[in-house]
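Below: the structure, in structure tokens.
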Amino acid sequence: MLSGMESRGVPKVLEPIEVKLHRFRGIEVLGKLNKIFRDDKPVLVYFDPDIDGLMSGLFVCKLMKMLNREFVWYINENRKHGFLLNPKDLRGFNIIAVDFQIPVNLVTEIVENGSNIVSIDHHLNGSDFIEVERDGVYGVVINNQYPFEEDDSRYLSGAGVVFESIVGNFPEFNTMENRALVGLTLLSDVRDIENRNARGYLTDLYSHKCRGYIKYLIESVSPDRDYGFGVPRLTRNFVDYTLSPVINSCLRFNKGDMVVKFILGSGYIDTGMRILQRELVSRLKDLAEVVVGNGITFILVDKSKLSNEDASVCSNFIGLVASEYLSTGNSCIAMVDNENGELERASFRGKVNSVNYIDCLNASELLYGEGHGSAFGVLEINPTKRVFKGIGRICHELEEDVDTSVNVVHVKNMSMFVGVKGYRVGLENIFCLSQNMTYVKYDGDNVVKRRFGVKYTEYMIDDVSVMCFDLDLDPRKDLILPVVDRGVVYFYLRKKSSET
């Protein structure tokens, strides 16, 4: 009986890969913070409310401890991105902000109000280097997306830019644990991971032993399990289906203070929030008005139909609602109206992760968004039929030359596939973008339900264990995803794509 299988002729541990470290313009400021920053004020570490922003902030807090600097922290409510504090209220503070855009006019305003600020980010923020000085007060934006930075740095997460900026001044910060945390953010932030440098960070993540801070993260977000599969690891599945939902659900329910304290080592996070999140998203879908067009699907949630409790937080979930409707085969825009029938919040989710929708849609002036290429908040949109039709046309044009078919290997006997071939497929999958993963379609007839619980079913297919965490799936019809963890290939049942 095989529950995953070590393959002959393949290594049990991934070989480490040396990552190319970049030296971004402006990073030298981190090496002289104690000379630039005022001594009579603590450093304000301004977190961004997602996993990438949290790890970016964690790195900065680690740096503050290395420099023996006193620090305080802040994170926005309602999972809003950007610098939302009043610069006048921060007069004299030293600020390090991570993983969100700060335009030059705002940097100037902060500096003119007497606050030093260092921003470290990876979002598009103009082409000119941002550096402002007024009467000895200094502001700078370090960003890997400036056109003069190296192209092979574009893939980095916000935490990756922070990490490499710190390492450029303090080489001792270059530890396996810190590199593993960068790898974590490459997965959580849906970065372009199909390159050698990203593979190096991910290798450190997948190879890291369950100890220290990594063990703390794993154990803290793991709910009570009703099956005995041993200690989880920071695999891709664990990031996608356990870590991210727990942390992001807490942020959406405005538990940001609890989350930051947890990230900084307090040891508590409410794993029950992910259940409440699932229930709320289900209620929002029940109330949503959905229009499936050519190239785009629009989802409108009328806030006035919600309970007061749901209405107070529903806009924080609109991006998740948009993602739920990607199954329509279109890119999606989800919107929520306030009590006056006015647009309160909107979010775009692209059908193809690798497509840069935001630049084309912003250039069209049909909407204005901020965020990543295929997933961003919509700040301005006039929800008319003409606008919706134009957005759909642009999305269709961007996607029509992209191959969205799923890579499928047909297998009649899983016990024969699980060896070297299965290992190679599973190993490559953990370094691929989700749309480029290879799945297995089982064409045999030897399927036995071994055990099951409220949230899972374990099948034995030709004596090979296949785990299923969606009880609506059928191993005879749906696809099987092979992934490698610690030199062992595991199999998980996944939804069958309409493209296959």
Side-chain angles (χ1 to χ4, degrees), residues 2 4-5 7 9-10 14 155 183 186-196 198-199 202-203 205-206 235-241 323 326-331 349-357 373-375 395-396 398-444 447 459 461-462 464-470 472-485 487-500:
L2 305 171
M5 182 176 179
S7 304
V10 294
L14 295 170
Y155 78 97
L186 290 175
L187 298 179
S188 68
D189 212 43
V190 195
R191 306 306 298 156
D192 179 9
I193 60 174
E194 294 183 354
N195 63 77
R196 179 177 174 82
R199 198 179 188 104
L202 291 173
T203 295
L205 174 68
Y206 300 144
T235 61
R236 201 158 174 180
N237 275 335
F238 190 83
V239 173
D240 287 345
Y241 298 104
S323 297
L326 289 173
S327 58
T328 63
N330 286 337
S331 296
R349 292 295 181 270
K351 175 182 174 181
V352 184
N353 285 338
S354 58
V355 170
N356 185 4
Y357 298 88
S374 62
C395 289
H396 179 74
L398 289 170
E399 296 159 356
E400 71 178 336
D401 293 329
V402 178
D403 183 6
T404 58
S405 61
V406 177
N407 300 319
V408 177
V409 176
H410 288 263
V411 173
K412 289 187 176 180
N413 189 311
M414 287 292 290
S415 64
M416 297 295 291
F417 174 78
V418 76
V420 173
K421 187 173 183 180
Y423 182 93
R424 288 174 178 167
V425 171
L427 181 64
E428 197 57 34
N429 276 343
I430 64 177
F431 296 108
C432 282
L433 292 168
S434 57
Q435 64 261 28
N436 295 331
M437 288 182 173
T438 298
Y439 293 79
V440 169
K441 176 65 177 69
Y442 179 62
D443 296 330
V447 179
Y459 295 97
I461 302 180
D462 297 323
V464 176
S465 171
V466 176
M467 293 303 306
C468 174
F469 298 98
D470 183 340
D472 294 330
L473 299 184
D474 184 339
R476 297 168 183 83
K477 299 178 180 178
D478 294 294
L479 300 178
I480 299 169
L481 178 68
V483 293
V484 166
D485 177 30
V488 179
V489 59
Y490 294 92
F491 298 92
Y492 300 91
L493 206 57
R494 291 287 184 264
K495 287 183 180 179
K496 181 178 180 179
S497 169
S498 58
E499 301 293 332
T500 62

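Between Cys468 and Asp470, the closest heavy-atom pair is SG-O, 2.9 Å. The minimum heavy-atom distance linking Leu433 with Arg191 is given by the pair CD2-O, 3.3 Å. Contact record, Val440 with Pro482: CG2-CG, 3.9 Å, taken as the closest heavy-atom pair. Taking every heavy atom of both residues into account, Asp192 and Tyr155 meet most closely at O-CB, 3.3 Å. Of all the heavy atoms in Leu326 and Gly350, the pair that sits closest is CD2-O, 3.9 Å. Taking both residues in full, the closest heavy atoms of Glu399 and Ser331 are given as OE2-OG, 2.7 Å, listed atom of the first, atom of the second, then distance.
Atom CD1 of Ile430 sits about 7.0 Å away from atom OG1 of Thr203, to the nearest 0.5 Å. Here the straight-line distance linking atom CG of Leu481 with atom CE of Met437 works out to 5.5 Å at 0.5 Å rounding. Here the straight-line distance linking atom OG1 of Thr235 with atom OH of Tyr492 works out to 5.5 Å at 0.5 Å rounding. Atoms CG and CG, on Leu493 and Leu473 in that order, are 5.0 Å from each other to the nearest 0.5 Å. Interatomic distance, NZ of Lys412 versus NZ of Lys441, reported as 11.5 Å (0.5 Å rounding).
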Assess whether side-chain contact (heavy atoms from CB on, under 4.5 Å) is satisfied between Met467 and Tyr490, documenting all intermediate values. CA-CA 8 Å; Met467 293 303 306; Tyr490 294 92; over 6 Å; no
After noting the C-alpha distance and the side-chain angles of Val418 and Val489, does the key distance pass the side-chain contact (heavy atoms from CB on, under 4.5 Å) rule? CA-CA 7 Å; Val418 76; Val489 59; 3.8 Å; yes
Between Ile461 and Ile480, does a side-chain contact (heavy atoms from CB on, under 4.5 Å) hold up when you go through it step by step? CA-CA 11 Å; Ile461 302 180; Ile480 299 169; 3.9 Å; yes
Please test Val402 against Gln435 for side-chain contact (heavy atoms from CB on, under 4.5 Å), starting from the C-alpha separation and ending with a verdict. CA-CA 11 Å; Val402 178; Gln435 64 261 28; over 6 Å; no
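Counting heavy atoms from C-beta outward, Phe417 and Asp462 have side chains that stay 4.5 Å or more apart. Contact of the Val483 side chain with the Arg236 side chain is not registered, since no non-hydrogen atoms from C-beta on lie closer than 4.5 Å. The side-chain heavy atoms of Asp472 and Asp478, taken from C-beta on, include no pair separated by under 4.5 Å. Tyr439 has its side chain out of reach of Asn429: every pair of non-hydrogen atoms, C-beta onward, lies at least 4.5 Å apart. You'll find the side chain of Val355 stays beyond 4.5 Å of the side chain of Ser374, heavy atoms only. Looking at Tyr357 and Arg349, their side chains never come closer than 4.5 Å, going by heavy atoms from C-beta outward. Contact annotation: the side chain of Tyr442 never approaches that of Pro475 to less than 4.5 Å [non-hydrogen atoms, C-beta and beyond].
Between Phe431 and Tyr206, a ring centre-to-centre spacing shorter than 6.0 Å is recorded.
Asn407 places a side-chain N or O within 3.5 Å of a backbone atom of Asn436 that can act as its donor or acceptor partner.
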